[in-house]
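Quick caveat, the model's predicted, so the values are computed rather than measured.
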Amino acid sequence: MGLDVGSCFQKLYTAIQDLVNIERSLLKSLSPISDAKIRSVLSKNFHFILEEKIQTMLQNLETESLPKIKAIKEEAEMRFRGENQSLIMWLWELDDVICEAEDVLDEYKYKHLEQQVQRKQHAFVRSFYSYTSHVHYVSRVEAILKRLDQFSSRVDDFIKLIRSDYIDGNKGTAHTHACAGVVTTSWLYEQVFGRDEEIKHVIKLLLCNDDQSYQILPIIGVGGVGKTVLAKSVYNHPEIERHFDQRIWVYVPEDFDEVNITTSMVELASNGTCPDTKNLDELQKLLKDHVRDKRVLLVLDDVWYDEKSTELANKVRWMRLLAPLEYCHPGSMILVTSRMKLVAKIFANSIEPVVLKGLEEDDCFALFNRYLEKRVKIVALADPETPDEHLLEKGKKIVALADPQTSDKHLLEKGKKIVALADPQTPDEHLLEMGKKIVAEIIVARFSGLPLAVMVVAGMLRQMFDAEEWKYILRSDNAFQDVIKILMVSYQRLPQHLQRYVAHHSIFPKGMALSREYLIHSWIGDGLIIDLAEENNGLTVEDIASAYLNELVSRSFFQCRDDGLFVLDGLMHDVADFVTNDVCTRIEHDTRREIPPTIKHLRIDMERLAEYKKKICKLKNLRTLVFTCKSSGIEVPIDNELLGKTLKKAKRLRVLRLASCHIDQLPEWLGDLHHLRLLDLSDLQVKRLPRSVCRLYHLLYLDLMNFKADNMPGSLSKLINLRRIISDAATLDRFGKIGELTALQQLPLFSIKKKEGHKIGELKKLNKLRGELRISNLQNVSRSKELAGAKLKKKTCLHKLYLEWNNNGGASASETMEKVLDELQPPHQINDLEIVGYTGKRPPIWMQISVQHSLPCLKVLILNQWLGTLPLLDQWVPQLHQLELRKCSKLRCLPPLPLNLEKLLLSGCYLLAIITEADLVKGYAQEMKAGYDSRSVAVIEEEVRIQESLKKNNRAMAKLELQIQSLEASGYDLKPSAVGYDLEPSASSYDIEPSSSRLASLQSWGLSRKHDAIREKLTTKMQSIDRNVQPLPSSLTQLHLSNCFVDDSELLNCISKLTLLTHLVLAGCYCITSLPSEEVLSKLTLLQELRIEDCVLLTSLGGLGEHPSLRVLNIWSCPNLLALILSEGSSSALLPESLTDLAITDCELMTNELVSRCLRGLTRLKHLSLQQLKHITSFPSDDELSHLTSIESLTLKDCEKLVSMGGLHMLSSLSSLHVQGCLGLLESGTGDGPLSDSVPNITVDNISLMQALLSRKGLSSLQVLSIIGQDVPFTPEQEECLKHLTSLQTLSFKNCKSLSSLPSNLECLTSLKRLYIENCPQMNSITTLPTSFQIILDGSKAGS
């Protein structure tokens, strides 16, 4: 293989020399010829011949020779065990040659890209020949050739080294593999620590299957975390033994064998009787007979995913193996232990897996002591009554060593130490403390509480009896390497292409969370995925990388957090560090490490740059350079000249990240980094972005998010390989001629201007755009010729499209808009479409009912400020799932909606009325005339009561007046339409006070709005009433009504038939006075969440109190709510008992009594928030809170008159308490019932509140404290309070914008491990920290 590479370079070098010599000879012979044109023609021909020859040779090198030599290297690394120094040197040398060859190929491509740019700009195109003839380039090729020749001549020796190392490595690691894949049994001989909750949870899951023949419960976790021990504990639990008729334990070997596994199952099911047969069919029949109609528990321990087979093949073989269990009695279960979540997918009937984590520190220490006890017990065995004669003799022998007559002083001291340790009355305090430190710093901090690490470390310490020996273990990596070698099994079983992505993660700090995009760009930038992947079924290289990330998640290497960020498992990060220790390193602000000359990937804190600059400049194969700034919140300016000199030497970089570094100037020679694929300049503030950046022709990703610069290049058009600009709209808007970036895949926003380089025609060639495209300022498009160039239909990879006009230019502009939108037809496959500011009178042509123009994939449609007629949505997009109509100020009634619509949002549609077929059938005049005249006496009396309540509620009337003024300012005439009917309520109906006249006007306008909608429907050209009116589709699961003037009857029309509704939002519905009755709400059995905001007239919750399934209720700014309840004198519960989350904010009439009424009967409530309730003075009493035993979190915010915490101590499950803006508590001293039980997490805005909330015992048990918004310095009393927080582990300061220093006595917090400082700009002093302290973070600047 190596000979091919050498031969390739030999031919290349010979070709260069021959062609150069021929050209020079011919040109010399032509020197007498005066015609320079002849000389020029001949020279160009030779240039062409030479370039073609070079291109062919380098192409063969890239596609054939180089991949082969890389394969040799990868195979060697896979087999290599890390002991053979000769092989290490070979691998380094080989890697060096590969890097050099890659760079030469890359430079050749760079020159071709440079030529493309020059041709596009009609500039002088320099011949590539003039470059290749340069002595430097030729000499580099010659040097590579010689090195490859040397390697090729010794390739046989290299292969022998690989083979011998592999054989020796296997011998040396036999124990490691045995530990990793030892055959297990169901016998539980270990004592189990720290798994009580997990055992209960698994048992509960195993006992809850009553329907299916069997279900599968996977237990997932890294190697050594205790999956098998947990499974044994459950398997042998008395409750499990009673529940299952048959229990079967099977260890699944790595070499999966269906016959052997089935044989094991038959043997256990038949109490050891199994015929000697290898016939799977016969064995499965026997197994079926033994388990038929029995409730069976089958444990499959240590199941692996066969990486050599497809997912379908894995599924099929397990389906075939487990087929006999279909005959089990319903309620049977299969418990599977595995290291990867992917295994759960290959089993049918699999339920959500149990993911096992490491042990807590106390449990680790208990397990640690348990392993160490074995050496102490040897002494105890000296008791003659022990039954184990062998151990008895060993014990006697060790005890005898304490005899001073012995000549072996070393054994004598060891014997004495063992005897001393055996005596519980004389413990070795020094060793005890050292043991705790080892558990905390090695097992918990480094190995995340892995029980395997406890076993390994304790095993090493068992033979050590001196504190200095224990200290050595604490400092050394011996224990680390032993654990890593066992964990390596999971890594080594990964497909080889996935191993490199795990290894690459060692460039990031342990536990760092990163976005999918960040990871993918890093992988591609570093060359882990080659561009040829784009030829794979039309998938881009980003698609391939994303799929690989998904595979790593399914294999439990990466975890995807709830916020969408990805974290590499901590133990797998240790593995990554282990396998890349010679090519990747991290130098943080507080660590010191050597930089080996083989380093290719470096992450370094800017403050350490001066210290390591010389070594960095010598790294000739450096590919990744990530600069960081320590997150202490104190900015230290960076030496710009030092940074420039460092980068000038690092010319082989592929990835450069300078995000958030405190630099004010970027070096001009940034553009000389010709190999660069990724440049991260996010969160920088510099004087200018160098123009030389435009020479980075290989650049794929440019991150300019939050980048600030006084001067920027006018265009990035030369970056013809650029695939993604990560930037905010303002920065992106400074660049013109985006259309030249034809490789661009993502464009956050394209803002149209009337000047060249910013017109819509720039989109013409950007047909590789993917994901989302936002086009704004469409009012700047004036000619249809410009529109034709946009060609949105050809951008077939787009899934979201946003079109926006920013102003309305009158009737002529409306006609222009219609023509513009006609031309902006989205691509066929679009999923989401949003149109903002369209004032045309008609929908665009492509919204007409036509197969040719339909959008069959459209799921989400958002029309914002749409003033024209809506299309017939039920026919144009019948598959639509989500419809949002925002600020459609001329919309009076809805068109027929798609029958499968799931989410409907109506916001700011002030004229919209929800009318039914009954409204039309009754007739326009009759319905509207009867609207006021035919009301019942009860309805009139209710309105009078509401009017009376409003007179007393200044806040409600003020909010109402603001809304009326807002409507009038928007051009709405609140007088009813002049249609010949007196829609104003007459004085005879009820007497309107002057203060309520505005309310009457609003109600009258609301009725006229409905009248106009009915008239519009009846005068439409369509003949059938059924055709004209369609109620909301019964398929709706979410309904949002915001700033719409629907009244009580319209609300009833909206929701009465929505039996699938799960979420309902009513916000700014100023005409609703009451929620529907119990009869109506009881039909909404699936309703889970109700949010009511800013409903000024809402007075009653209707039948909500009896709703059977509501879980979440959020009431905000409803100033008149429950006004009529106060006069009724009823004591019944107001809210449904099913609630788990309740938030009441800014409700004017809320008093102590009403809060207690609202909490009555809420036995399932877990989260309670009371904010801006200005009239409550006390939290409910003991009796009123005694039933709230499920509350886990409580928030009390801006309740200014609150002076007593009442029966707060009755909340026995409380784990999180947030108190802020409650000044009355500070003034009143302590509350009535300070918390003495443990509340581990508390947030306050003043430390003085701590003593008002917690007793001395409560303070001592607090673990997490957050201080938000305290701006005044800490007083001596507050610092005294800190002394009682003896268990505090995490302390946070957030949004303390005027606070200049932390408390001066933080060292008294002896258990503190984490300190977070977020958005505290004046903080400039950090006092002495406790010795337990581990991390300090500025949350406003912390990682991704």
Q: Side chains of Leu699 and Leu679: closer than 4.5 Å at any heavy-atom pair?
A: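 Yes, their side chains come closer than 4.5 Å.
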Q: So, Arg774 and Glu772, do they make that salt bridge, N to O below 4.0 Å?
A: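 Between Glu772 and Arg774 there is a salt bridge, with a charged N closer than 4.0 Å to a carboxylate O.
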Q: Report yes or no: do Asp582 and Thr598 form a side-chain donor-acceptor pair below 3.5 Å?
A: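 Not at all, the side chains of Asp582 and Thr598 share no donor-acceptor pair under 3.5 Å.
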Q: When you measure from the centre of the six-membered ring of Tyr110, is the NZ or CZ of Arg695 under 6.0 Å away and within 45° of the axis?
A: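 Arg695 over Tyr110 ring: no.
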Q: Between Ser546 and Arg516, is any side-chain donor less than 3.5 angstrom from a side-chain acceptor?
A: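 Result is yes, a qualifying pair exists.
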Q: Answer yes or no: is there a side-chain heavy-atom contact under 4.5 Å between Leu678 and Leu702?
A: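 Of all side-chain heavy-atom pairs linking Leu702 with Leu678, none is under 4.5 Å.
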Q: Is there side-chain contact between Leu658 and Leu684, with heavy atoms separated by less than 4.5 Å?
A: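 Contact flag for Leu658/Leu684 side chains = yes.
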Q: Before you tell me yes or no, could you show the steps for His799 and Asp832 under side-chain hydrogen bond (donor to acceptor under 3.5 Å, both in side chains), namely the whole-Å CA-CA distance, both residues' side-chain angles and the distance that decides it to 0.1 Å?
A: CA-CA 6 Å; His799 297 293; Asp832 293 21; over 6 Å; no
Q: What's the separation between atom CG in Asn711 and atom CZ in Arg691, rounded to the nearest 0.5 Å?
A: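 Rounded to the nearest 0.5 Å, the CG-CZ separation comes out at 8.5 Å.
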Q: Count the heavy atoms of every other residue, nucleotide or ligand shown that sit under 6.0 Å from NZ of Lys753, and state whether that count exceeds 12.
A: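 Yes, NZ of Lys753 has more than 12 neighbouring heavy atoms, counting only those of other groups under 6.0 Å.
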Q: Between Ser715 and Glu740, is there a side-chain heavy-atom distance shorter than 4.5 Å?
A: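 Contact flag for Glu740/Ser715 side chains = no.
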Q: Go through the steps for Tyr548 and Arg500 under the test side-chain hydrogen bond (donor to acceptor under 3.5 Å, both in side chains), then give the verdict.
A: CA-CA 11 Å; Tyr548 289 162; Arg500 63 174 69 108; over 6 Å; no
Q: Check step by step if side chain to side chain contact (heavy atoms under 4.5 Å, CB included) holds for Leu763 and Ile775.
A: CA-CA 10 Å; Leu763 297 175; Ile775 305 176; 3.6 Å; yes
Q: Within a strict 4.5 Å, meaning less than it, do heavy atoms of the Leu494 and Val502 side chains meet?
A: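 Yes, at least one pair of side-chain atoms sits under 4.5 Å.
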Q: What residue among Leu673, Val655, Leu647 forms side chain to side chain contact (heavy atoms under 4.5 Å, CB included) with Leu625?
A: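 Exactly one candidate clears the test, Leu647.
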Q: Please step through side-chain hydrogen bond (donor to acceptor under 3.5 Å, both in side chains) for the pair Gln499 and Tyr501, ending with a clear verdict.
A: CA-CA 5 Å; Gln499 289 183 13; Tyr501 305 115; over 6 Å; no
Q: A side-chain contact here means heavy atoms from C-beta on lying under 4.5 Å apart; do Asp703 and Ser682 qualify?
A: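 Contact flag for Asp703/Ser682 side chains = yes.
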Q: State, yes or no, whether a side-chain contact exists between Glu762 and Leu741 at a heavy-atom distance under 4.5 Å.
A: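 No, too far: nothing below the 4.5 Å cut-off.
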Q: Between His674 and Tyr697, is the ring centre distance below 6.0 Å?
A: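 Between Tyr697 and His674, which both carry aromatic rings, the centre distance is not below 6.0 Å.
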Q: Below 4.0 angstrom, N of the basic side chain to O of the carboxylate: do Asp683 and Lys708 qualify?
A: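 Looking at Lys708 together with Asp683, the answer is no, because their closest N to O distance does not fall below 4.0 Å.
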Q: May I ask you to check whether Phe558 and His505 place their ring centers less than 6.0 Å from one another?
A: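 Ring-ring flag for Phe558/His505: true, centres closer than 6.0 Å.
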Q: Within this structure, what is the CD1-OG distance for the pair Ile738 and Ser751, rounded to the nearest 0.5 Å?
A: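 Separation between the atoms: 11.5 Å.
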Q: With distance as the sole criterion, is a donor-acceptor pair present between the side chains of Asn767 and Lys795 under 3.5 Å?
A: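 Asn767 vs Lys795: donor-acceptor pair found between side chains.
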Q: Under 4.0 Å between a Lys/Arg side-chain N and an Asp/Glu carboxylate O for Asp526 and Arg677?
A: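 Between Arg677 and Asp526 there is no salt bridge, as every charged N stays at least 4.0 Å from the carboxylate O atoms.
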Q: Salt bridge check, Asp95 against Lys600: does any charged N sit closer than 4.0 Å to a carboxylate O?
A: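 The answer is yes: the pair qualifies as a salt bridge.
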Q: Look at Glu668 together with Arg688 and state whether they make a salt bridge at an N to O cut-off of under 4.0 Å.
A: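 Counted as a salt bridge, because a side-chain N and a carboxylate O are separated by less than 4.0 Å.
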Q: Taking atom CD1 of Ile599 and atom CG of Leu619, what is their separation to the nearest 0.5 Å?
A: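 So the CD1 of Ile599 and the CG of Leu619 are separated by 7.0 Å.
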Q: Does the side chain to side chain contact (heavy atoms under 4.5 Å, CB included) test come out yes or no for Leu749 and Ser776, once each step is laid out?
A: CA-CA 7 Å; Leu749 174 67; Ser776 67; 3.8 Å; yes
Q: Please check this pair: side chain of Asp543 against backbone of Thr540, looking for a donor-acceptor N/O pair closer than 3.5 Å.
A: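 A pair under 3.5 Å: yes.
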Q: Side-chain contact test, heavy atoms from C-beta onward, threshold under 4.5 Å: evaluate it for Leu700 versus Val541 and give yes or no.
A: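 No, their side chains stay 4.5 Å or more apart.
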Q: Kindly compute the distance separating CG (Leu744) from CG (Leu722), expressed to the nearest 0.5 Å.
A: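 It is 6.0 Å, given to the nearest 0.5 Å.
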Q: Does Ser522 form a side-chain hydrogen bond (donor to acceptor under 3.5 Å, both in side chains) with Arg657? I'd like the steps, not just the answer.
A: CA-CA 10 Å; Ser522 296; Arg657 293 189 181 274; 2.9 Å; yes
Q: For Arg652, run the salt bridge (charged side-chain N to carboxylate O under 4.0 Å, His left out) check against Asp103, Asp106, Asp96 and tell me which one passes.
A: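 So, applying the salt bridge (charged side-chain N to carboxylate O under 4.0 Å, His left out) to Arg652 and each of Asp103, Asp106, Asp96, only Asp103 qualifies.
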